[in-house]
2 protein chains.
Amino acid sequence: MAKHVSKTRTARGPRERGVDRVLKLFSYLQENGAPVRLAELPLALDAPKSTIYDLVSILAEAGLLELRGKDSQVYFGKLMHLYGASYLRANDVMARGREMVDALAKETGETSELCIRLRGKQVIVHACPGSRPLRISSEIGSQIPIPWTASGRLMLSHMSLAEIKSILGDEDRTMPNGAPIDIEAFAAECHASKNRPLAMTVGMINSFTQCLAAPITNHDGLIEATICFVLPIDISDEKRGELESRLIEASRSISLAGSRGVAGTGERSMM
Amino acid sequence: MAKHVSKTRTARGPRERGVDRVLKLFSYLQENGAPVRLAELPLALDAPKSTIYDLVSILAEAGLLELRGKDSQVYFGKLMHLYGASYLRANDVMARGREMVDALAKETGETSELCIRLRGKQVIVHACPGSRPLRISSEIGSQIPIPWTASGRLMLSHMSLAEIKSILGDEDRTMPNGAPIDIEAFAAECHASKNRPLAMTVGMINSFTQCLAAPITNHDGLIEATICFVLPIDISDEKRGELESRLIEASRSISLAGSRGVAGTGERSMM
DNA sequence: GAACATAGTCCAGTATATAAGACTATGCAA
DNA sequence: TTGCATAGTCTTATATACTGGACTATGTTC
C-alpha cells in the first residue's frame, strides 16, 4: 500500500499532465527570453506536437500567451502581464522592493538588484544598473543555484535541513567550479545567517565582483526576497561600509515584519 | 464521426480539463482582486475540492500562485510577476504605453489609462489618476464589455463581422442600460472607426465622464491597445482640443507601424 | 465530554485528455 | 513536374487526470 510513485512533479510517464506541460512551456519561454516558433516547441519541450498545438491554442485564446506573425511566434501574453501586475499590487513588499532598487541605484550609483527564490534557484526579478563606466549587470529573470550566493543562504535560513534538501534539485548541488556541495555544511551556513541583517559574497560567481545582500521579510517574518548591491571587488572599505549601512536601512524600511527587537518571536497574529 | 461537440472552451461536461480549471482559477483571483481562502475556491469555481487542492498545490509549488498564512490564502505568485515582466520586455509597445500614461497624467493633470482587449472585454492594464480634486479613477484590471466604449470600437476596427461575433460573449452584447446591441450596426461602427486617430465616448458609462481614446499599433499595424483620457463631461472645448492633439501625438509616438507620412490616408483602401 | 462545522487528505473508477501518427498544406529546389 | 522539408490538422486508443465521496484533523459551541 501507499506507493506514491509520482508524488514528485518530475515523474516521466508515457503521458504527462496538461498543467505540467504548460508549466514547462512557460519556463522554456522565460528561459529563452524571446518569442519562439510554435513549430519548434514540441522538440524543445520533448512533447507531442498535438499536445503542444492544443495547449498553446487554449492559452493563446485565453490571453496568457500570444501568437504573432505568420510563423507563429509564441510568447507571454497580455493576461500574464495583468496577473503579474496583480501580484505586485497585493505585495507591498515586492512593489516597494522594486522602487527601492531604483532609488538605491540612483542614489549610490551602484548596480542594485531584487532577488527571489524559486525552488532551488535564485532569480533576479528587478535590477537597475549603476553608473560606473564598467557596468556590472545581470539579465532580469536569470536563475542561478541558491548555494552560489549569500543572498540565497539568507533565503533558506529559516528552513530545516530536510526542507533544504527537498528544494535543491540535483543541478543545484554543485558549485560554479563543478565541485559538489556538502548539504549538511551548506544547511549549517544557511542557519548561521539567520537573523543576520546582511550577507556578503566575494568573488563567488566571478572573480571581479562581490555582492552585498539584505533580507526583505513579509508580514509573517519570512524572507520573501533580498535586495543586493553588485560591486566591483576592489571597492574601498570606507565606501563599502557606507553601502552596507544604507542597504540595511533600506531592507528595514521595506520589510513588513516588526524588526522591532522581537524579530521572529511575534505572536503570528496575522494582521 | 466528427461531431466536435466541444470545440468551444465553454463546454460543460461532467469532467473539465485541468488547464481550463487553472484558467478559471486565475480569472477568479484577478476578478476578486485579493487573496482568497483555498477552502473557498471549490465553491467559488464550482469545482471539486480534490481537483482544486491538487491544482493549487502544483501551481503554488511552481511559483505561479502563492499560499500564505495558516488559513491558506491563495493569490498570484512571484513567477507570475516574472512572466508578466517578460511580456513587457518583449513588447515595447506596451512598455512605452505605460510610461506614456504616466507622462500624460503628470503633464496634463488628467486621468490617463492604457487599455487592451481580451476576448469581448476591454481591460485597463495601467492607469494614472489625474490631479483634479474630484478624481475619476477606475480599478486596474477591471473589465467592461467592448461595446460600451469608443476605444473598444477602435480595437475591433480591423475585424470582420464574423470575427466580432465570435469574440463577443452573450454577456458582452448588452449596453449598460440593459438594451441588447445590434451586432451588425455595432460592427459597422467599428469599421467606421478604422484608421481614425481618435475615438470618443461621451457619457456612455456614466453621465458625468467622457473618454478620449487613441489607438496604439504594433509592428504589424494591428491595434494592440488604446491610450485614453478620462475627463469630466463639462470640460471646455479649448482644453479638449489641446488634449485631443496631445493624445494623437502620444499614440503616434508609441505606435510601431510606419506612421510615416502615409498616416491613415494611405493605401489600405477600406471603405 | 458530545455534536457540529470547517479544512484538508486520500483513494478507486471512469470519462476523457494526451499521445501517436496519418494526413494535408505550403514552400523551396532541382 | 517530382522530391523533400517544414508546418499544421485531425482522428482514434488508452493511460490517467479528474471526480465523488469517505475519511482524518482541527476548532468551536453547547
Side-chain angles (χ1 to χ4, degrees), chain A residues 1-26 28 35-62 64-75 166 267-270, chain B residues 1-26 28 35-62 64-75 166:
Chain A
M1 63 210 32
K3 268 303 208 42
H4 293 313
V5 212
S6 67
K7 199 92 240 177
T8 65
R9 227 75 293 295
T10 50
R12 286 222 133 277
R15 284 190 193 188
E16 196 150 353
R17 233 218 262 229
V19 188
D20 285 337
R21 298 238 109 115
V22 169
L23 293 177
K24 284 181 183 161
L25 167 56
F26 288 168
Y28 178 78
V36 183
R37 276 179 308 113
L38 172 53
E40 197 176 315
L41 285 173
L43 288 80
L45 298 170
D46 187 29
K49 224 177 2 166
S50 41
T51 304
I52 296 301
Y53 275 77
D54 189 24
L55 290 174
V56 168
S57 87
I58 291 175
L59 295 169
E61 177 129 340
L64 280 177
L65 296 182
E66 252 164 56
L67 281 166
R68 169 115 44 98
K70 74 165 269 95
D71 56 343
S72 302
Q73 301 267 359
V74 181
Y75 207 56
S166 79
E267 260 315 308
R268 180 64 61 97
S269 67
M270 192 58 191
Chain B
M1 60 267 320
K3 262 306 204 41
H4 292 313
V5 213
S6 67
K7 202 90 232 181
T8 67
R9 227 72 300 291
T10 49
R12 285 224 132 275
R15 284 190 194 189
E16 198 151 353
R17 233 217 260 230
V19 188
D20 285 338
R21 298 239 108 116
V22 169
L23 293 178
K24 284 179 183 164
L25 167 55
F26 288 169
Y28 179 78
V36 183
R37 276 179 308 111
L38 172 52
E40 197 177 316
L41 284 173
L43 288 79
L45 298 170
D46 186 29
K49 221 175 9 165
S50 39
T51 304
I52 296 301
Y53 274 77
D54 188 25
L55 291 175
V56 168
S57 89
I58 292 175
L59 295 169
E61 176 129 340
L64 280 178
L65 296 183
E66 252 164 54
L67 281 166
R68 171 116 41 100
K70 73 165 272 95
D71 56 342
S72 301
Q73 301 266 0
V74 181
Y75 206 56
S166 81

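Chain identifiers are assigned alphabetically (A, B, ...) following the order of the sequence lines, protein sequences preceding nucleic acid strands; residue numbering begins at 1 within each chain.
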Test side-chain contact (heavy atoms from CB on, under 4.5 Å) on B:Leu59 and B:Val56 and set out the steps. CA-CA 5 Å; B:Leu59 295 169; B:Val56 168; 5.7 Å; no
Rounded to whole Å, the CG-P distance (A:Leu43 to C:dA20) equals 13 Å
* Looking only at N and O atoms, is any donor in the side chain of B:Lys49 or the base of D:dG20 less than 3.5 Å from an acceptor on the other one? -> no
B:Leu45 atom CG is separated from D:dT19 atom P, nearest whole Å, by 11 Å
The answer to which of A:Ser72 and A:Gly18 contacts DNA chain D further toward the 5' end, by nearest nucleotide, is A:Ser72
Judged by nearest nucleotide, the residue sitting upstream toward the 5' end of DNA chain C, B:Leu38 or A:Ser50, is B:Leu38
Separation between CG (A:Leu43) and NZ (A:Lys49), nearest 0.5 Å, reads 9.5 Å
>> Quick one, A:Leu45 with A:Leu25, criterion side-chain contact (heavy atoms from CB on, under 4.5 Å). Give me CA distance, side-chain angles, the key distance, then yes/no.
In response: CA-CA 7 Å; A:Leu45 298 170; A:Leu25 167 56; 4.0 Å; yes
Taken to the nearest whole Å, CG/B:Leu41 to C1'/C:dT6 is 15 Å
Taken to the nearest whole Å, CG/A:Asp71 to P/C:dC28 is 13 Å
Taken to the nearest whole Å, CD/A:Glu16 to C1'/D:dT14 is 17 Å
Taken to the nearest whole Å, CG/A:Asp54 to C1'/D:dG8 is 13 Å
Testing D:dA7, C:dA19, C:dA7 for proximity to the side chain of B:Tyr53, the answer is C:dA7
note: A:Asp20, atom CG; C:dA17, atom C1'; distance rounded to Å ~ 13 Å
Result for 5'-nearest mapping on DNA chain D, choosing between A:Lys70 and A:Val19, is A:Lys70
Against the side chain of B:Arg15, the closest entry in D:dG8, D:dT19, C:dA19 is D:dT19
Separation of C:dA17 atom C1' from A:Ile52 atom CD1, nearest Å, is 13 Å
